[in-house]
2 protein chains.
Amino acid sequence: MPDMSAQLDIVFAALADPTRRSILSMLLEDDMAVTDVAEPFEMSLAAISKHLTILTRAGLISQEKRGRVKWCKLEPDALRDASVWMQGFGQFEPVNLDAFEKFLETQLAPAASDSD
Amino acid sequence: MPDMSAQLDIVFAALADPTRRSILSMLLEDDMAVTDVAEPFEMSLAAISKHLTILTRAGLISQEKRGRVKWCKLEPDALRDASVWMQGFGQFEPVNLDAFEKFLETQLAPAASDSD
DNA sequence: TGTTTCGTCAACCGATTGGTTGAATATGCG
DNA sequence: CGCATATTCAACCAATCGGTTGACGAAACA
């Protein structure tokens, strides 16, 4: 996966819209046809279709056409990448400071045998 | 918090830009003045100032003015909220540390080649 | 004091976004 | 076949985005 940054652009931009996040939530429960995805929203089917295209390009969902119905399926892999990226910032700093303090303690402590 | 959705809008939109993510990476290491944040980028100080405003409104950083210098500090809490939201899609297991570590290696190791 | 440094503001620009509508393209059905 | 259903396409729109430049205020310093 060479250009992670461009992928993160697309994934985060896809997530930065409440309609699209709502669609992802719906797809958590089950795969859905485009028309059924659109049903709860007060906007045109074409608008939902565009949202689904954006989610697909982000890799967050996949779409498979069976007959005249296009089924939408959640694809959590892209989400995992972004989540991992965010965990880096969510945990790095506090963990780091904490670990650093402990490190200093163990370094300065007399006869500190390492445990884990 | 019922209007967490609006906050997620702002946080994800803030993250959906490589310049802003790069700024967050820089602030991982230490707090920085606005001018120093801007220095590696090939764009105007005003542009960076706007990016910092967006990051601040997202709660991802905070800014404190001391003298005529405005210091920028990473605030990982907002990121953690968004990360928690994403784990709501955790049909998959929560972010495993293997992936996290591997990510940090690939992301932070070649930081020296982060020329611009 | 006058000047330099730090950072924002205001106005502007082109590109993108999120939505609309109406027409078009498939596919399934009686 | 003819018609309804499912979905996208194309054109358009207002609003927002990411950037620029120049002017500006506030703090430090000679």
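Chain letters run A, B, ... following the sequence lines, proteins first, then strands; residues in each count from 1.
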Q) Can you tell me if the side-chain N/O atoms of S49(A) get under 4.0 Å from OP1 or OP2 in dT8(D)? A) yes

Q) Heavy atoms under 4.0 Å, any strand shown: does I54(B) hit a base, just sugar-phosphate, or nothing? A) sugar-phosphate

Q | Gap between atoms CG and P, on L15(B) and dG18(D) respectively (whole Å) | A | 12 Å

Q: Output the single nucleotide from dT8(D), dT21(D), dG19(C) whose closest atom is nearest the side chain of A47(A).
A: dG19(C)

Q.
Please report the distance, rounded to the nearest Å, between CH2 in W71(A) and C1' in dT8(D).
A. 18 Å

Q) Do the side chain of E64(B) and the main chain of C72(B) share a donor and acceptor less than 3.5 angstrom apart? A) no

Q) Nearest nucleotide by nearest heavy atom, which residue falls closer to the 5' end of DNA chain D, G67(B) or M43(B)? A) M43(B)

(Q) Go nucleotide by nucleotide along DNA chain C from the 5' end; which of E42(A) and K65(A) gets its closest nucleotide reached first? (A) E42(A)

Q) I23(A) has an atom CD1; how far is it from atom P of dT7(D), in whole Å? A) 13 Å

Q | Between C1' of dA6(D) and CE of M32(A), the distance in whole Å | A | 14 Å

Q) Closest to the V34(B) side chain: dG19(C), dT8(C), dG28(C)? A) dT8(C)

Q.
What contact category does R66(B) fall into here, base, sugar-phosphate, or nothing, at under 4.0 angstrom with non-hydrogen atoms?
A. nothing

Q. Counting side-chain heavy atoms from C-beta on, which of dG19(D), dG19(C), dT8(D) comes nearest to T19(B)?
A. dG19(D)

Q: Would you check if the side chain of Q7(A) reaches a backbone N or O of A58(A) as a donor-acceptor pair within less than 3.5 Å?
A: yes

Q | Minimum-distance nucleotide (side-chain atoms of R68(B) versus dT8(D), dC6(C), dG18(C)) | A | dC6(C)

Q: Please answer whether the main-chain N or O of L52(B) pairs with a side-chain N or O of T56(B) as donor and acceptor at a distance below 3.5 Å.
A: yes

Q) Nearest-Å distance, CG (D9(B)) to P (dG18(C))? A) 10 Å

Q: Report the distance from atom CG of L52(A) to atom C1' of dG19(C), rounded to the nearest whole Å.
A: 15 Å

Q) Could you give the CG-to-P distance, from L45(A) to dA23(C), as a whole number of Å? A) 17 Å

(Q) Output the rounded distance in Å from CG (D17(B)) to C1' (dA15(C)). (A) 14 Å

Q: Consider the side chain of S44(A), meaning its heavy atoms from C-beta on, and name the nucleotide among dT7(D), dT8(C), dT21(C) that approaches it most closely.
A: dT21(C)

Q: Give a yes or no answer on whether the side chain of R20(A) reaches the backbone of A14(A) with a donor-acceptor pair at less than 3.5 Å.
A: yes

Q: Look at the side chain of H51(A) and decide which nucleotide, out of dT5(C), dG19(C), dA26(C), has an atom nearest to it.
A: dG19(C)

Q. Under 30°, 30 to 60°, or over 60°: which ring-plane class applies to F12(A) and W85(A), parallel, tilted or perpendicular?
A. perpendicular

Q: Classify the nucleic acid contact of A13(B) as base, sugar-phosphate or nothing, counting any heavy atom under 4.0 Å across all strands shown.
A: nothing

Q.
So for K50(A) and dG19(C), does any side-chain atom that can act as donor or acceptor lie under 3.5 Å from a complementary atom in the base?
A. yes

Q: Determine the minimum heavy-atom distance between T19(B) and D17(B), stating which atoms define it.
A: N-OD1, 2.9 Å

